[in-house]
Novice: 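Once you've had a glance at the structure underneath, I'll fire off some questions.
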Number of protein chains: 2
Amino acid sequence: MLRVMASQRDQPLSFDDWVEAGFALLAEGGFDALRIGRLCERLNVTKGSFYWHFADIQAYRAALVDSWTELRAADRRRLISMGDVDPRERLARMMGMLARPDHWSVERVMRAWALTDDRVGESVRRGDQRVFAAVLQAFTDYGFEPGDAALRSGLLFGAGLGLLHGSDPAVDASPEVRERLLEFLLRD
Amino acid sequence: MLRVMASQRDQPLSFDDWVEAGFALLAEGGFDALRIGRLCERLNVTKGSFYWHFADIQAYRAALVDSWTELRAADRRRLISMGDVDPRERLARMMGMLARPDHWSVERVMRAWALTDDRVGESVRRGDQRVFAAVLQAFTDYGFEPGDAALRSGLLFGAGLGLLHGSDPAVDASPEVRERLLEFLLRD
DNA sequence: ACCTGAACACCGTTCAAGT
DNA sequence: ACCTGAACACCGTTCAAGT
């Protein structure tokens, strides 16, 4: 952050410079704006520089995914550390965190990569498992027996994933809908 | 089907020959096995032939998506024509149709394309809307008031999408789970 | 340690020319 | 109408050489 501009480099590029530039490209042009050539253009280096820092583009994508996971780790830790909070309130907060469309575009890109890239797939899978575990825990703490808790948490988690992948971007979960949803899922 | 082998062509390639070869490639190598070069190799023609039949690769993908939609049109028509069947049975059948992993890989590819290709996105969106409408109708016919029917059908549809995109391929909806799910979603 | 510069393979695309 | 063959631009990748 102390560096004024990337355009006039005085120091060599860091790992983070590359990652940062990658997210910028993704945010601007989406999915297939992430090309090695454009990255180098933006960082004022040649492609050879890219290949000194990363083995190939899959390794670079893995680095982006790791960074993304890291960025969201704070969120996840908050989820897990909410063990003392009332389960219902916990679930409401989880839903609020998930329903953030600004994160969705990156999430969708990650999951699209996961289709062809095993490293990305593994990372996404781990993240999903942690979130699901937190949701399941909340339902269990609420007092449901294991089978019932699994059904309800699976439904909620699946619906969240579905919302993320929904083809209609206009569909989003308003606070009112989320409240009614929670009400429904927590009934005896 | 009368043609013995594509390897020794006597007639010019048809539109369907290209589409068929495309699905074969997708089924064999998945996502990024669909390359113009490989297609031509398989069909024993040069790339120029491809460009006589299709404007570019996006048009070709659109053709694949259309064909896929067409293939599933029979399923959808069955869904819609089930208006006379008991709503609960209707929903059970819909869930059975959705829970077919053999369709998932293609579905996922379509939805990944939809991220960057507007034509594909539009097609996927239309398909989703039709299915959702059928689900909503079933809940309405079951006797739920509009708001309640919307909530429950949204939950079911979202969970279905979530299952489709779930990062863990081991998770599938067994008949027992589907039965319990339906039970839960149809409670008063 | 970090990067340049030039090369190479691969892929999508174009197009004049063939039958 | 349908396809060949050759060209071109673009992109990922490699690597010897520079500082």
Side-chain angles (χ1 to χ4, degrees), chain A residues 2-3 5-22 24-26 28-65 109 112-113 115-120, chain B residues 2-3 5-22 24-26 28-65 109 112-113 115-120:
Chain A
L2 288 177
R3 210 172 302 165
M5 270 295 224
S7 55
Q8 277 171 325
R9 246 173 326 102
D10 44 345
Q11 352 180 346
L13 287 174
S14 71
F15 189 89
D16 287 336
D17 289 330
W18 287 98
V19 170
E20 196 178 317
L25 280 182
L26 279 183
E28 287 168 17
F31 204 68
D32 47 26
L34 196 75
R35 306 235 166 261
I36 295 175
R38 292 207 213 181
L39 270 174
C40 296
E41 209 174 308
R42 174 178 275 263
L43 293 171
N44 286 311
V45 285
T46 57
K47 288 177 174 180
S49 176
F50 174 90
Y51 284 95
W52 189 88
H53 289 275
F54 305 95
D56 50 29
I57 205 176
Q58 298 187 28
Y60 178 65
R61 284 204 288 244
L64 281 183
V65 172
V109 168
W113 285 347
L115 288 177
T116 51
D117 190 323
D118 288 341
R119 275 172 80 175
V120 177
Chain B
L2 288 177
R3 211 170 302 164
M5 271 295 224
S7 55
Q8 277 172 322
R9 246 173 323 104
D10 44 346
Q11 352 179 346
L13 287 175
S14 71
F15 189 89
D16 286 338
D17 289 329
W18 287 98
V19 170
E20 196 178 316
L25 280 183
L26 279 183
E28 287 168 16
F31 204 67
D32 47 28
L34 195 76
R35 305 235 166 260
I36 296 174
R38 293 206 212 180
L39 271 174
C40 296
E41 208 173 309
R42 174 177 277 261
L43 293 171
N44 286 312
V45 285
T46 57
K47 290 178 174 179
S49 176
F50 174 90
Y51 284 96
W52 189 89
H53 288 276
F54 305 95
D56 50 29
I57 205 175
Q58 298 187 27
Y60 178 66
R61 284 204 288 241
L64 282 183
V65 172
V109 168
W113 284 346
L115 287 177
T116 51
D117 191 322
D118 289 342
R119 275 171 81 176
V120 177

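Treat the numbers as computed from the prediction; the structure is a model and nothing was measured. Labels below follow one simple rule: chain letters A, B, ... track the order of the sequence lines, proteins then strands, and each chain is numbered from 1.
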Novice: Rounded to the nearest angstrom, tell me the gap between atom CG in B:N44 and atom C1' in D:dG5.
Specialist: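 About 16 Å, once rounded to whole Å.
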Novice: Need one value for B:G48: base, sugar-phosphate or nothing, where a base atom within 4.0 Å counts as base even if backbone is also close, heavy atoms only.
Specialist: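 The residue B:G48 makes base contact.
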Novice: In terms of the nearest nucleotide of DNA chain D, which residue is placed more toward the 5' end: B:S49 or A:A55?
Specialist: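 Its nucleotide being nearer the 5' end, the pick is B:S49.
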Novice: To the nearest angstrom, how far is A:R35 atom CZ from D:dG12 atom P?
Specialist: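 Checked: the CZ to P distance equals 5 Å.
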Novice: Take the protein atom CG of B:L43 and the nucleotide atom P of D:dT4, then report the distance between them rounded to whole Å.
Specialist: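 Interatomic distance, CG of B:L43 to P of D:dT4: 11 Å.
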Novice: Any side-chain N or O of B:Y51 under 4.0 Å from OP1/OP2 of C:dT13?
Specialist: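 Answer is yes, contact under 4.0 Å.
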Novice: State, to 0.1 Å, how close A:K47 and A:I36 come at their nearest heavy-atom pair, and which atoms those are.
Specialist: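 Shortest heavy-atom contact: CG-CG2, 4.1 Å.
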Novice: Please report, rounded to the nearest Å, how far the P atom of C:dC10 is from the CD1 atom of A:I57.
Specialist: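 Atom CD1 in A:I57 sits about 18 Å away from atom P in C:dC10.
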Novice: Using modelled atom types and a 3.5 Å cut-off, is there a donor and acceptor pairing between side-chain atoms of B:Y60 and backbone atoms of B:W18?
Specialist: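 Side chain of B:Y60 to backbone of B:W18: a pair is present.
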Novice: Given atom CD of B:E41 and atom P of C:dC10, what is their separation to the nearest angstrom?
Specialist: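 Those two atoms, CD and P, are 11 Å apart.
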Novice: Based on Watson-Crick and G-U pairs with both distances under 3.5 Å, what dot-bracket line describes DNA chain D 5' to 3', crossing pairs as [ ] and inter-strand pairs as |?
Specialist: ||.|||||...|||||.||
Novice: Please walk me through it: do A:R42 and A:E28 pass salt bridge (charged side-chain N to carboxylate O under 4.0 Å, His left out)?
Specialist: CA-CA 13 Å; A:R42 174 178 275 263; A:E28 287 168 17; 2.6 Å; yes
Novice: Any N or O donor-acceptor pair linking the side chain of A:K47 to the base of D:dG12 at under 3.5 Å?
Specialist: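 Per atom types, the contact qualifies.
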Novice: Which one, D:dT4, C:dT4, C:dT13, comes nearest to the side chain of A:T46?
Specialist: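 Among D:dT4, C:dT4, C:dT13, the one nearest the side chain of A:T46 is C:dT4.
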Novice: Do you know the tightest heavy-atom contact between A:A33 and A:R38?
Specialist: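 Shortest heavy-atom contact: O-CD, 3.8 Å.
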Novice: Where do B:V19 and B:L64 land on the side chain to side chain contact (heavy atoms under 4.5 Å, CB included) test, with the steps shown first?
Specialist: CA-CA 6 Å; B:V19 170; B:L64 282 183; 3.7 Å; yes
Novice: Using whole Å, report how far OH of B:Y60 lies from P of C:dT13.
Specialist: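 In whole Å, C:dT13 P lies 13 Å from B:Y60 OH.
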Novice: Between C:dC11 atom P and B:L34 atom CG, what is the distance in whole Å?
Specialist: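 Nearest whole value for this atom pair: 12 Å.
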Novice: Within the structure, does a side-chain N or O atom of A:H53 lie under 4.0 Å from either OP1 or OP2 of C:dA1?
Specialist: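 So the side-chain polar atoms of A:H53 never come under 4.0 Å of the phosphate oxygens OP1 or OP2 of C:dA1.
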Novice: A:W52 has an atom CH2; how far is it from atom P of D:dA16, in whole Å?
Specialist: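 The distance from CH2 of A:W52 to P of D:dA16 comes to 18 Å, rounded to the nearest Å.
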Novice: What are the two closest non-hydrogen atoms of B:D56 and B:Y51, and how far apart are they?
Specialist: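 Reported closest heavy-atom pair: CA-CE2, 4.0 Å.
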Novice: Test side chain to side chain contact (heavy atoms under 4.5 Å, CB included) on A:L13 and A:F50; report intermediate values, then the result.
Specialist: CA-CA 10 Å; A:L13 287 174; A:F50 174 90; over 6 Å; no
Novice: Taking for each residue the nucleotide of DNA chain D with the nearest heavy atom, is it A:I36 or B:F50 whose nucleotide lies nearer the 5' end?
Specialist: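 Whichever sits nearer the 5' end wins; that is B:F50.
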